[in-house]
Enquirer: 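Below is the structure I would like to discuss, written out as structure tokens.
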Amino acid sequence: MNIAKSIQDAVLHSLESLYGGSFTEKDFQLNHTKSEFEGDYTIVLFALVKSIKKSPETLGEELGQHLTQYYPQLFSAYNVIKGFLNLTVCDNYWFELVQRNHLDICYGKQPMNGHKIMVEYSSPNTNKPLHLGHLRNNFLGWSVAEILKANGFDVIKSCIVNDRGIHICKSMIAWQLFANGATPETTNTKGDHFVGDYYVKFNEEYKRQIQELIASGMNEAEAEKNAPIMLQTQQMLVDWENGKPEVLELWKIMNAWVYKGFDATYQSIGCDFDKKYYESDTYLLGKDIVQDGLNKNIFYKKEDGSVWIDLTADGLDEKLVMRKDGTSVYITQDIGLAKQKYDQYHIDQSIYVIGDEQNYHMKVLKLIAQKLQFPYANDIHHLSYGMVELPSGKMKSREGTVVDADDMVEEMISTAKALTTSLGKVKEFSEAELEELYKTLGLGAMKFYLLRVDPKKKMIFNPEESIDFHGFTGPFIQYTYARIQSILRKENNIGKPINHTLLPLEKKLAFQLEQFPSAIMDAAKELNPSAVANYLFVLSQQFNSFYAEHSIANAESADAKNFRLQLASMTANVIKSGMQLLGIQVPSKM
RNA sequence: GGUUCGGUAGCUCAGCUGGAUAGAGCAUCAGCCUUCUAAGCUGAGGGUCAUUGGUUCGAAUCCAAUCCGAAUCACCA
């Protein structure tokens with residue numbers, strides 16, 4: 001049980017024995033005491049004034065009296081200022097908390113709760129390489145999965161690969177037209193970039209052909225429809241769907257190139273999946289569901305044979321669920337896949353990490369599932385995250401302002417290298433250890449930068465700021481960890497402190513350590529890794545302040561030294577497991 | 001136009017289940033390395049919390065309206 005809950009219970013009991021009647025947690029507010037006042041926790045009394053009919057000051061006095069008298073193991077002092085009752089928690093509470101947990105590497109984690117959740121994230125298209133937006137998606141999905149695991153959920157990480165469709169055919173056509181048989185091997189290019197280059201070539205050629213047609217007197221819309229390369233591409237998609245062998249063959253080869261490239265990227269950023277779905281396997285799913293919906297009169301057929309659902313009563317529009325030629329559309333496939341996930345894994349909840357541009361789509365998906373009365377309909381959850389923009393505005397692939405994932409990783413690692421070299425603190429490291437360190441720091445900085453902000457909000461990616469390793473950054477926290485390790489290497493046997501009066505900075509640190517379990521519970525509840533990032537930053541700041549003010553190795557007494565070693569050890573463990581939830585490693589030296 | 005989301009310091013962001021004088025980081029300025037890692041610490045300046053009205057003992061936080069910005073409303077995925 002955490003301290004806030006203990007205090008809440010104590011206050012409830014005191015209120016009941018002082019004033020009779022029954023109270024709930026909602027009858028008063030429990031806050032952290034602001035640093036300019038004496039105390040640890042504050043009861044805001046105003047809300048009680050009405051029901052108890054005493055002045056806030058009297059109420060505070062009476063309650064403070066009662067609490068310190070009947071809960072001496074919890075409270076050592078109190079004071080009342082205006083309508084606020086400030087309570088000081090006994091030193092012994094913090095002392096024992098640290099004593100008990102300073103070696104526990106599982107501190108803050110919850111036991112398994114029997115609930116199974118699937119987290120789908122990443123979901124790349126196989127016609128171009130991953131970019132900054134994918135990185136935010138990957139880090140978020142991975143981290144949310146880890147945070148849920150730490151809170152006792154059984155988590156399956158999944159990914160839907162969009163491996164078919166017109167966009168893939170564009171790259172394929174361009175390759176046929178321009179590649180002359182080139183491959184990633186012959187050109188020494190990473191597979192996903194290689195294929196992406198042909199996607200770009202397609203667009204260049206397409207644009208050129210449109211201009212040509214316009215020059216010969218066609219209007220723009222006509223030109224867009226009739227450009228030969230577009231007609232070829234559309235024909236290729238038809239051929240693919242009809243299973244034309246040479247088209248399938250090329251499709252497989254080019255996708256294999258892309259997968260090889262993706263795997264290298266996923267490997268480098270430490271991203272993995274338990275289950276991969278491929279759209280080429282799932283795009284036919286959902287057709288039987290359409291029939292089912294027709295039978296139940298949830299869907300209806302128009303004269304041309306296309307099938308629709310009317311969502312106008314729910315504030316949305318009419319939505320197509322099957323084309324007149326009987327092929328399924330995006331939403332239909334998604335309904336099919338949602339069902340498949342549920343049938344295969346018997347999950348209790350399905351979380352989709354997808355950009356907020358798809359809010360409408362995901363709303364429709366859930367609504368249709370609800371109308372079809374699927375048992376899992378209410379457990380579909382869209383973790384909607386905001387787009388990543390540049391200071392100059394949106395990233396546009398057409399204008400070449402897209403920040404490539406691989407370039408980004410490389411740049412962060414080389415920044416880490418440059419800074420580490422200039423500081424010259426790890427001269428004894430071997431070449432391999434150095435490479436490892438640069439990667440730890442570079443990736444740490446990048447992941448932290450993308451995870452430290454609220455997922456729901458769009459974020460501005462500032463290239464200069466992102467390579468800063470000072471302040472609210474991953475390396476700052478990694479540095480704090482490395483500092484502690486340096487101390488613990490030298491002072492490796494921690495004795496048991498017997499009696500020690502906590503100094504303010506020590507107590508502040510212990511207080512923050514006490515918050516860790518509830519911080520990761522909140523992060524799970526909100527599906528928000530930034531809560532963990534913020535927590536770890538504050539913890540590190542507090543450790544560093546403490547470190548600058550008080551010596552650990554040369555503490556005033558043996559008890560003080562042992563207690564501070566325990567504090568340091570617990571801080572390091574919390575940093576390590578917290579960073580682990582963000583997918584960030586911590587170095588023991590940097 | 002409808003729907004949804006957002007607007008807090010020069011910049012990037014916390015805070016939003018209503019509570020005390022609105023917080024960090026970056027940037028700027030001033031200090032701190034003969035003792036545990038200065039990727040650090042201490043301090044200063046910097047704010048009409050978009051605007052207006054409402055609810056209340058109390059509003060950045062809740063409600064309404066307005067202004068500004070974004071996403072979306074495809075027989076694309």
Side-chain angles (χ1 to χ4, degrees), chain A residues 26 29 31 33-34 36-37 42 44-47 49-50 56 81-84 86 123 125 160 162 164-168 279 283 302 304 306-308 315-317 319-325 327-331 333-334 355-361 363-364 384 386-387 389 391 394 416 419-420 422-423 425-426 441 445 449 452-454 456-462 464-466 468-480 482-491 530-531 533-534 537-538 540-541 543-555 564-565 568 589-590:
Chain A
K26 284 175 187 149
Q29 244 182 77
N31 295 347
T33 302
K34 297 198 120 199
E36 56 266 40
F37 300 98
T42 296
V44 184
L45 301 160
F46 297 104
V49 168
K50 260 186 213 157
I81 298 172
K82 291 196 269 176
F84 303 92
N86 301 319
S123 311
N125 291 346
I160 169 84
N162 301 310
R164 50 136 252 138
I166 193 85
H167 53 293
I168 314 292
E279 200 198 316
Y283 81 107
K302 285 196 177 170
D304 65 0
S306 57
V307 182
W308 297 74
L316 305 176
D317 306 297
K319 193 81 190 168
L320 178 87
V321 294
M322 193 154 84
R323 297 187 187 100
K324 63 181 177 226
D325 62 6
T327 55
S328 57
V329 291
Y330 184 33
I331 193 80
Q333 300 168 30
D334 270 0
D356 63 7
E357 57 198 354
Q358 299 213 34
N359 285 353
Y360 180 81
H361 173 77
K363 208 165 162 183
V364 170
S384 164
M387 296 290 104
E389 294 180 10
K394 279 186 216 157
L419 185 55
T420 304
S422 75
L423 289 171
K425 292 183 188 178
V426 284
L441 296 177
Y449 186 84
R452 69 182 196 184
V453 301
D454 187 336
K456 290 188 287 296
K457 294 190 181 172
K458 78 165 190 212
M459 65 174 291
I460 309 287
F461 177 85
N462 184 331
E464 285 148 43
E465 197 184 295
S466 71
D468 190 353
F469 286 11
H470 302 268
F472 187 20
T473 66
F476 169 85
I477 295 167
Q478 291 171 319
Y479 175 72
T480 308
R483 263 182 154 179
I484 296 174
Q485 292 312 307
S486 171
I487 298 169
L488 295 179
R489 270 193 297 274
K490 289 168 194 160
E491 305 284 345
S530 79
N534 280 288
F537 175 60
V538 172
S540 299
Q541 260 185 332
F543 180 82
N544 285 323
S545 296
F546 158 73
Y547 175 94
E549 196 65 33
H550 305 293
S551 174
I552 295 173
N554 300 316
R564 286 179 196 167
L565 283 169
K589 240 180 200 189
M590 63 186 275

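Residue numbering restarts at 1 for every chain, and letters A, B, ... go by the order of the sequence lines.
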Enquirer: Write down the partner of B:rC26 under the Watson-Crick or G-U wobble criteria, each distance required to be under 3.5 Å.
Expert: B:rG10

Enquirer: Write down the partner of B:rU21 under the Watson-Crick or G-U wobble criteria, each distance required to be under 3.5 Å.
Expert: none

Enquirer: Pick the P atom in B:rA30 and in B:rU52, then give their distance to the nearest Å.
Expert: 38 Å

Enquirer: Using a strict cut-off of less than 4.0 Å between a Lys/Arg side-chain nitrogen and an Asp/Glu carboxylate oxygen, indicate whether A:Asp304 and A:Lys302 qualify as a salt bridge.
Expert: no

Enquirer: Hey, is A:Phe476 stacking on B:rG40? Ring centres under 5.5 Å, planes under 30°.
Expert: no

Enquirer: Using the P atom on both, measure B:rA59 against B:rA50 and round to a whole Å.
Expert: 15 Å

Enquirer: Could you tell me which nucleotide pairs with B:rU4 by Watson-Crick or G-U wobble geometry, both distances under 3.5 Å, or answer none if nothing does?
Expert: B:rA70

Enquirer: With a 3.5 Å cut-off and heavy atoms only, can you find an N or O donor on one side and an acceptor on the other between the side chain of A:Asp334 and the base of B:rA77?
Expert: no

Enquirer: Assess whether one donor atom and one acceptor atom, taken from the side chain of A:Asp304 and the base of B:rC75, lie less than 3.5 Å apart.
Expert: yes

Enquirer: With a 4.0 Å limit, can you tell me whether A:Thr473 has a side-chain N or O closer than that to the phosphate oxygens OP1/OP2 of B:rG25?
Expert: no

Enquirer: Under a 3.5 Å cut-off for both distances, is B:rG31 Watson-Crick or wobble paired, and to whom?
Expert: B:rC41

Enquirer: Atom OH of A:Tyr330 to atom C1' of B:rC75: distance rounded to whole Å?
Expert: 16 Å

Enquirer: Test your reading of the model: is there a side-chain donor-acceptor pair from A:Tyr449 to the backbone of A:Phe461, 3.5 Å cut-off?
Expert: no

Enquirer: Considering only atom P, compute the distance from B:rA70 to B:rC13 and round it to an integer number of Å.
Expert: 16 Å

